[in-house]
Amino acid sequence: MKEYPNLIKSKLPQVGTTIFTVMSQLANEQNALNLSQGFPDFKGDDKLFNLVADAMHQGLNQYAPMAGLMSLREQIAKKTFNLYGVDYHPDTEITITAGGTQAIYTAIAATITEGDEVIIFTPAYDCYDPAVELNGGKSVYVQLLAPEYAVDWNQVKKLINQRTKMIIINTPHNPTGKILSKNDLLALEKIVSNTDIIILSDEVYEHIIFDKQKHQSVCKFPKLAERSFIISSFGKTFHNTGWKMGYCLAPSNLMKEFRKAHQFIVFSVNTPIQHALVEYLKNENNYLELGNFYQQKRDFFVDSIKDSKFEIIPSKGTYFQLLSYRNISNEKDTEFAIRLTKEYKLASIPVSVFYQKNIDEKILRFCFAKKEETLERAAEILNKVV
Ligand code: GLN
């Protein structure tokens, strides 16, 4: 169609298509094994599918309540209490969302206005900054570097000023697979006490944590909980990323504003799936086993490439494994990722795209939420790259 000029001035001039779409598309075009975008290549639980089908056949297919089914919010309150010993009131402090990304966008849209600053740790998941920008805010970055990606909380403290409205944290962390420790959260608590800073805590990989470590949810720290939105995801936990189901926890004054935005962004989310999740959540093994399940995959993958020329950067959570190729090539990571996809038929995500500055540490992210045979084939390829 003919385009009328000057109709639109981009609100996101620096933003292109998300790397996940770019790499998944390239993987498809190239018929490559796709370890780029994070999603399982195996089926979830038939029991859960049957529960969804049952709900549909029972006619539970119309709008759910705006904040989500009360019975589902009650199950989430129970789960949160059992895991973290904290009470969230289902009526006023829990909202069901169309996945983690919508919850993150909504929390930002509800709280950030022109001139507000938001502190973001990079490498950062790519939906945070555009949400801040679309709402008139400004992202302020703290760079974390391989292999530890440790946070220097003194540096964070120095960045805080009158305009700082939010700090976004993410643990277990995508793309690095690192986790925040209790000491990290205590340091954060200290920094924000006596400020009006909101914490947005992206905890969508809360159940995917390894080596007997405990997930440090911000809700376990009362002084943080009272100022935090916590984001969780059923897609990650129950292997159905395409269902786009998640939820948000927050104290009622924050949640009230969250819902004002939520009702006009999506209104409410998928009804039959909510009914199915009510039943499915009753068996806590359905999520408590997840850490072991993915630890086995991580160990299998890492073990099968231990003699390759890639350097393994330990993953402590999430379903991502970082590998450094600095002993193989000097190419930019974006170029190397494309070449690996085209020549070797294996797709990954270059980590530099998650930084704002030009930081290229020659590291790629591989998703190991895959069948053993997929991981075996990926390892075979990686072992050949010299
Ligand atoms: N969370 C997924 C990942 O990190 C991607 C989700 C998406 O493509 N939006 O790979």
Side-chain angles (χ1 to χ4, degrees), residues 12 15-29 32-42 44 97-108 120-132 134 144 149 168-179 200-209 231-248 265-266 269 290 294 297-298 301 313 315-323 333-334 337 340-341 346-355 363-370 374-375 378:
L12 297 171
V15 172
T17 303
T18 162
I19 188 71
F20 305 115
T21 301
V22 170
M23 290 311 294
S24 273
Q25 256 173 17
L26 186 67
N28 289 341
E29 268 164 40
L33 214 51
N34 189 3
L35 268 57
S36 65
Q37 194 178 25
F39 62 88
D41 74 344
F42 47 85
T97 62
T101 302
Q102 185 245 310
I104 289 164
Y105 185 83
T106 303
I108 291 171
I120 294 178
F121 299 93
T122 55
Y125 189 58
D126 69 348
C127 80
Y128 306 150
D129 170 64
V132 171
L134 282 172
L144 310 180
Y149 298 98
I168 303 181
I169 60 171
N170 171 213
T171 183
H173 185 260
N174 180 8
T176 66
K178 298 296 168 185
I179 55 176
L200 175 56
S201 187
D202 176 352
E203 302 185 15
V204 297
Y205 298 99
E206 66 184 314
H207 301 298
I208 311 181
I209 183 158
I231 312 297
S232 288
S233 160
F234 291 117
K236 315 286 186 286
T237 302
F238 298 137
H239 313 304
N240 300 303
T241 59
W243 287 7
K244 299 301 298 172
M245 296 292 289
Y247 61 92
C248 177
I265 293 174
V266 284
V269 307
L290 203 64
Y294 276 120
K297 293 202 178 288
R298 177 200 65 174
F301 183 52
I313 297 172
S315 170
K316 299 176 178 173
T318 73
Y319 41 50
F320 302 116
Q321 176 63 57
L322 295 187
L323 298 179
D333 66 352
T334 42
L340 202 60
T341 313
L346 177 62
S348 60
I349 300 281
V351 169
S352 69
V353 302
F354 299 116
Y355 283 104
I363 294 173
L364 303 177
R365 189 198 80 173
F366 294 83
C367 172
F368 56 80
K370 305 292 168 193
T374 311
L375 295 174

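As the structure lists them, so they are numbered: ligands from 1, and atoms in each ligand from 1.
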Enquirer: If every non-hydrogen atom of V22 is compared with every non-hydrogen atom of T17, which pair is closest and at what distance?
Expert: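 Heavy-atom minimum between the residues: CG2-O, 3.7 Å.
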Enquirer: Apply ring pair (Phe, Tyr, Trp, His ring centres under 6.0 Å) to H207 and list each qualifying residue two or more places apart in sequence or on a separate chain.
Expert: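 In terms of ring pair (Phe, Tyr, Trp, His ring centres under 6.0 Å), with neighbours along the sequence ignored, H207 is linked to Y287.
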Enquirer: So which atom in K370 and which in Q37 form the shortest heavy-atom distance, rounded to 0.1 Å?
Expert: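 Here K370 and Q37 meet closest at NZ-O, 4.3 Å.
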Enquirer: Please answer whether the main-chain N or O of S36 pairs with a side-chain N or O of R365 as donor and acceptor at a distance below 3.5 Å.
Expert: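 Checking the backbone N and O of S36 against the side chain of R365, a donor-acceptor pair under 3.5 Å is found.
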Enquirer: According to side chain to side chain donor-acceptor pair (under 3.5 Å), who are the partners of N170, at least two apart in sequence or on a separate chain?
Expert: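 Residues passing side chain to side chain donor-acceptor pair (under 3.5 Å) with N170: none at all.
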Enquirer: Tell me which residues fall inside the under-4.0 Å heavy-atom shell around ligand 1.
Expert: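 Under the 4.0 Å cut-off, ligand 1 touches F20, Q37, G38, Y125, N174, Y205, F320, R365.
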Enquirer: Of all residues at least two apart in sequence or in a different chain, which pass the side chain to side chain donor-acceptor pair (under 3.5 Å) check with T171?
Expert: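 Here no residue qualifies.
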